[in-house]
Amino acid sequence: MTEWKESIQDPVLDRMKNREEVLWINPGYRKEPDFGVAGLSVADIDDAQARLERFAPYIRRVFPETNATGGLIESPLVEIPDMQQALRNDFGLEVPGRLWLKEDSHLAIAGSIKARGGIYEILKHSEDLALEHGLLSPGDSYEVLANDTAREFFSRYAVHVGSTGNLGLSIGIISARLGYRVTVHMSADARQWKKDLLRQHGATVKEYAGDYEKAVAQGRKLSEQDPMSYFVDDENSRTLFYGYAVAARRIARQLEERQVVVDDSHPLFVYLPCGVGGAPGGIAYGLRTVYGSAVHCFFVEPVESPCMLVGMATGLNQKISVQDIGLTGRTEADGLAVGRPSGFVGEVMKECLSGIFTLTDEKLYRYIQALWRSEAIFIEPSAGAAFEGPARLLDYEAGRRYLADQGLTPFLEQSTHVAWATGGNLVPEEVRASYLARPLD
Ligand SMILES: *Cc1c(COP(=O)(O)O)cnc(C)c1O
């Protein structure tokens, strides 16, 4: 634990230890990153996209709320000029160009970004099992997976996952619907309503004192003891990652439909709240494969749990935790309350990512309240983190320098900024009201 202290000097670490908000610009960023890093391949994103299309008839059948999107789990992209105005008037912060919201907060089935990777991983596992055991033949409509024979078949298998909340919701809901015995291992700081909702769907919820890492370790152990069990590995799963990466193809189409041009003189900036890193990492990787140097991806983390930033700034990735630099890892942003990052994602982001912002918990509430007042859109506190990006990019000297170094300063008026709203739709009414009424300093 002391080893890194002697070798690593990045001045951002001192400011992080003091719980100051920072913008860290990634020194490893490259205009043309290596997409083959960590054994990844662009062809595997195509594969994931095609698999989700094969499953669309099944999803549409068992979750009729996906009718409008033809059984694809996809969220709206909406322009939010009134929020842009609110950032200017109430916060004194200028977002250049146009500001949009990617509403993964409103994704079908699980109401969060986890409805991408999490559901995808369970579908892939189910396809593997079904093909192997002759429940499906190539060319069949996947609707057959909704029948009693299939449910009975899947009930012989178990699924385990460790979660701060939303991953558990997405894995729990889809697994229970397919027929699996599903157990979600949750950290103590996971929200009560998320546990209640999971139990209603028929999942088993186990709670652990201490943080998310303990819940994950226990889930992994129990799963390994059961030969019929499958463990969803949030930190290392390539499958989750590809499920998230498909989002990039989908938003590219949405931008095209809205006639938003993205190229080197019309830069796209995307701001993603980050926990363990899988969701924002998969999306950022996917976006870089679509747009190359025309897209600039930034993560946002709470000042008490900036795990990806600690990992990337030291180069130690998963070998260091926020606790190692004296932070608690505790935050109101339950989806981001992760002390140790995914090492795999840290490696992949080394050349893909532009930078990472941190913000205080108080700001999460400021942003979600401002979004509610200005646009009447509700998102959960973790998702509110996304706004720190567009709001502060020009406010930081480091941000202005990045823009100048990348030759972007002349193009800011024609830039596009997307705050990625990662959750909120399943938050119960009384919990919503308490977030929105929360007094601020
Ligand atoms: C999980 C989650 C994130 C971050 O995703 P990671 O894969 O953990 O980095 C962001 N926001 C919300 C609401 C989440 O549930």
Side-chain angles (χ1 to χ4, degrees), residues 75 102-107 110-121 161-172 184 186-187 189-191 193-194 197 211-213 215-216 232-245 247 270-286 297-302 305-309 311-312 318 329 331-346 348-349 353 356-357 359 364 367-368 378-389 419-427 431 435:
S75 70
K102 181 59 177 157
E103 294 186 300
D104 278 9
S105 46
H106 293 67
L107 275 176
S112 83
I113 196 167
K114 302 301 192 309
R116 296 184 183 278
I119 290 176
Y120 173 68
E121 175 143 6
V161 63
S163 174
T164 58
N166 286 337
L167 183 64
L169 276 178
S170 92
I171 301 285
V184 180
M186 283 190 147
S187 45
D189 50 8
R191 309 269 183 192
W193 66 265
K194 293 185 182 177
L197 187 59
D211 72 356
Y212 165 75
E213 256 184 271
V216 174
V232 177
D233 186 344
D234 195 13
E235 281 152 87
N236 300 299
S237 171
R238 304 296 199 266
T239 309
L240 274 174
F241 190 86
Y242 286 124
Y244 290 122
V270 179
Y271 308 94
L272 299 140
C274 177
V276 73
I283 293 171
Y285 175 81
C297 302
F298 291 86
F299 290 175
V300 189
E301 298 186 291
S305 64
C307 65
M308 189 58 68
L309 178 47
M312 288 187 72
Q318 83 287 3
T331 165
E332 296 277 327
D334 55 334
L336 316 181
V338 179
R340 191 182 294 278
S342 159
F344 147 64
V345 173
V348 178
M349 287 302 103
L353 190 67
I356 302 179
F357 292 86
L359 86 172
L364 301 170
Y367 289 136
I368 71 171
F378 175 82
I379 60 176
E380 65 185 83
S382 297
F387 284 105
E388 182 70 359
W420 208 287
T422 48
N425 205 31
L426 295 188
V427 178
V431 180
Y435 291 162

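Numbering of ligands and ligand atoms starts at 1, following listing order. In this text, all values refer to a predicted model and were calculated from it rather than measured experimentally.
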Looking only at protein heavy atoms, which one is nearest to atom 1 (C) of ligand 1, and what is the separation? K114 NZ, 1.3 Å
Quick one: does any side-chain atom of K114 pair with a main-chain N or O of G168 as donor and acceptor, under 3.5 Å? no
For ligand 1, which atoms sit closer than 4.0 Å to a heavy atom of P280? 5 (O), 6 (P), 7 (O), 9 (O)
Would you check if N425 and L107 make a side-chain contact, meaning some heavy-atom pair closer than 4.5 Å? no
Considering only heavy atoms from C-beta outward, does the side chain of L240 approach that of V232 to under 4.5 Å? yes
Do ligand 1 and G275 have nitrogen or oxygen atoms that lie under 3.5 Å from each other? yes
Check whether T164 reaches the backbone of V338 with its side chain - one donor and one acceptor, N or O, closer than 3.5 Å. no
Under 4.0 angstrom from ligand 1, any heavy atom of A383? no
Rounded to the nearest 0.5 Å, how far apart are CD1 of I356 and CE of M349? 10.0 Å
With heavy atoms only and a cut-off of under 4.0 Å, state how L336 meets ligand 1: side chain, backbone, both or neither. side chain
Is it the case that the side chain of S105 and the backbone of I379 share a donor-acceptor pair, with hydrogens and angles ignored and the cut-off at 3.5 Å? no
Judging by distance only, is a nitrogen or oxygen of A279 under 3.5 angstrom from one on ligand 1? yes
Nearest non-hydrogen protein atom to atom 11 (N) of ligand 1, with distance, is T422 OG1, 2.7 Å
Evaluate the ring planes of Y271 and F298, with Trp represented by its six-membered ring, and classify them as parallel (under 30°), tilted (30 to 60°) or perpendicular (over 60°). parallel
Please verify whether a non-hydrogen atom of V276 lies at under 4.0 Å from ligand 1. yes
Closer than 4.0 angstrom: is that true for some heavy atom of S112 and an atom of ligand 1? no
Would you tell me whether E380 and Y435 have side-chain atoms, one donor and one acceptor, within less than 3.5 Å of each other? no
Considering distance alone, does some N or O of C274 sit under 3.5 Å from an N or O of ligand 1? no
Within the structure, does G278 bring an N/O atom to less than 3.5 angstrom of an N/O atom in ligand 1? yes
Can you confirm, on distance only, whether ligand 1 has an N/O atom lying under 3.5 Å from any N/O atom belonging to D234? no
